[in-house]
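Okay, structure first, notes after.
Proteins get letters first, then strands, A, B, ... in listed order; numbering begins at 1 in each.
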Amino acid sequence: MAKPSIPQGTRDFGPDVVRKRTYILQTIRAVFELYGFQPLETPAMENLDTLMGKYGEEGDKLIFKILNNGLDNPAKEGQIRADFEKVLQGKNSSGITERALKYDLTIPFARYVAMNHGQLSFPFKRYQIQPVWRADRPQKGRYREFYQCDADVVGSQALLNEVELVSIYHEVFTRLGLADYELRINSRKVLAALAEICGGADRITDITVAIDKLDKIGPDKVKEELSTRGLTGDQISIIEKYLNITGTNEEILASLSPLLGENVSGKNGIAELDKLAGAFTSPDSGHPTPGSRLFIDPTLARGLNYYTGIIFEVKAPARVKMGSIGGGGRYDDLTGLFGVPGIPGVGISFGVDRIYDVLEELQLFPADVHVGTQVLFFNLGEAESAYAFGLLGQLRQRGVRGELFHENSKFDKQFKYAEKKNIPFVVIIGEKEMAGNSCNLKNLRTGEQQTLSAAALLQYTF
RNA sequence: GUGGUUAUAGCUCAGUUGGUUAGAGCAUCAGAUUGUGGUUCUGAGGGUCGCCGGUUCGAACCCGGUUAGCCACCCCA
């Protein structure tokens with residue numbers, strides 16, 4: 001038997017890692033609940049045609065497809081060979097594969113809303129915490145199986161939703177100790193206006209793909225790329241002006257207006273950005289005030305082309321080298337893809353695995369995430385352990401997490417077990433203590449030891 | 001999907017131009033220590049050098065392939 005292994009880009013999570021991940025997930029879940037979102041889960045796999053074509057050309061390639069069963073059925077051999085020929089030509093492949101692992105949580109959610117819109121009361125606010133899969137090559141901060149935590153509101157056009165989602169981001173990252181995260185916002189309407197002015201609405205993808213790379217490749221390379229994508233010198237010089245816009249949020253908006261304000265879409269986009277950023281400038285509203293962490297970034301584009309309004313992207317603090325740890329945006333008509341038009345929505349996503357890596361690197365996990373067992377009873381022999389076992393049972397009834405060491409081993413070994421499991425207290429009961437109905441309680445963090453009566457132990461606050 | 005790089009004990013890593021029986025630290029186990037660990041000392045176990053093939057009298061080392069990790073590109077959380 002060959003050495004066992006797991007598929008590329010997947011991971012096992014040991015006890016310590018699960019505890020830390022749970023800490024992150026619980027923090028996010030608690031904030032979602034705090035804002036009135038309700039849980040939803042969807043299957044690991046979807047029908048392939050639910051997913052195909054929703055994530056752009058690149059996205060389609062990254063969908064994990066599931067092979068149909070029964071391909072080795074001799075009776076169907078001819079048909080299957082013909083189907084496989086189609087696959088080789090990149091055509092319809094339902095004879096070979098018709099299911100796939102889900103690629104994100106937003107499209108399955110849209111599919112769910114489209115299927116159940118008759119039963120849902122709108123606006124419907126749902127959160128979803130589940131793994132997704134991408135057939136990407138693994139590297140830093142990139143896995144083939146990873147968790148997303150999404151919160152979406154559908155059935156409402158109000159900008160108040162965007163405001164609340166910004167508050168959620170702020171609340172979560174503050175609770176996680178990542179107070180110096182950066183939340184960048186932009187509007188697809190502004191980008192659409194830019195495209196309309198520079199060669200037409202259908203150029204929006206060419207333009208956004210190029211300008212999104214600004215901070216990575218620099219302005220000259222961006223101009224180069226725009227040129228190879230067929231934009232004229234005049235158009236590029238408008239985009240150059242657009243890219244040169246910097247400053248505070250107010251300054252950026254003031255510079256955008258003369259450039260795009262004549263365009264209806266541009267005007268709307270600018271007004272929405274203004275309203276959203278302005279919602280957090282009043283210090284005594286009682287709500288989280290992420291004003292200082294909220295940056296309008298005209299170069300933010302985001303790849304998913306179903307976004308139509310405000311778009312979000314969260315960047316880890318600059319002191320760690322990690323890309324985006326969250327993102328989202330408004331989409332006018334996601335369920336329209338599934339035959340139910342007219343349901344607008346807006347949502348955000350947290351990338352738990354990347355957040356984990358960031359917290360690890362910055363050592364921001366609280367020390368007590370590792371505490372499982374609170375108290376360990378030493379095993380000093382048959383009679384002693386039977387006595388200890390009784391006390392342990394009573395403590396457990398009080399909700400104290402405890403264990404009795406499984407064997408009468410050397411102290412050394414029992415201490416090391418406690419240390420390894422990060423158990424803060426041990427109880428040592430020998431012949432003497434048993435006879436006196438007492439016990440020794442040792443705090444391993446401080447090294448202090450006290451002798452208590454059995455009754456006092458049962459009342460002790462661990 | 002493209003490119004670079006790495007793979008030696010449970011972990012972190014040495015290993016000379018290719019040369020006899022592949023090493024260290026930590027960890028584990030046993031003992032010094034019969035009821036108070038983390039210090040110290042002594043000893044022990046543990047490796048088909050990622051996998052497959054080739055060159056060679058001889059391969060951990062050179063060559064080809066393959067798998068996996070890491071990194072970058074594309075793209076993205």
note: A:Q139, atom CD; B:rC70, atom C1'; distance rounded to Å ~ 10 Å
With rounding to whole Å, what would you report as the distance between B:rA27 and B:rA22 at their P atoms? 25 Å
Atom-pair distance (CD on A:E433; P on B:rG35), nearest Å: 12 Å
Rounded distance (Å) that lies between atom C1' of B:rC29 and atom NZ of A:K413: 8 Å
Pairwise P distance, B:rU36 and B:rG50 [rounded to whole Å]: 46 Å
B:rG35 C1' sits how many Å from A:K442 NZ, rounded? 12 Å
Calculate the interatomic distance between A:R142 atom CZ and B:rG1 atom P; express it in whole Å. 14 Å
So what does A:K213 hit on the nucleic acid, given a heavy-atom distance under 4.0 Å: a base, only sugar-phosphate, or nothing? sugar-phosphate
Roughly how far apart, to the nearest Å, are B:rG53 and B:rG10 at atom C1'? 30 Å
Atom C1', compared across B:rA60 and B:rU16: separation rounded to whole Å: 13 Å
Taking NZ from A:K410 and P from B:rA30, how many angstroms apart are they, rounded to a whole number? 6 Å
Among B:rC75, B:rA77, B:rG37, the nucleotide that comes nearest once only the side chain of A:D136 is considered: B:rC75
Paired with B:rU2 by Watson-Crick or G-U wobble geometry, both distances under 3.5 Å: which nucleotide is it? B:rA72
Nearest-Å distance, NZ (A:K140) to C1' (B:rC73)? 17 Å
Roughly, in whole Å, what's the span from CG in A:D12 to P in B:rG10? 18 Å
Among B:rG37, B:rC76, B:rU36, find the nucleotide with the atom closest to the side chain of A:K416. B:rG37
Would you say whether A:F411 stacks on B:rG37? The test is a distance between ring centres of less than 5.5 Å and an angle between planes of less than 30°. no
Determine whether any donor atom in the side chain of A:D412 lies under 3.5 Å from an acceptor atom in the base of B:rU36, or the reverse, and answer yes or no. no
Can you confirm whether more than 12 heavy atoms, excluding those of A:F389, are under 6.0 Å from its CZ atom? no
By nearest heavy atom, map A:R137 and A:Q449 onto RNA chain B; which one lands nearer the 5' end? A:R137
With C1' as the reference atom in both, quote the distance from B:rU55 to B:rU12 in angstrom, rounded to an integer. 34 Å
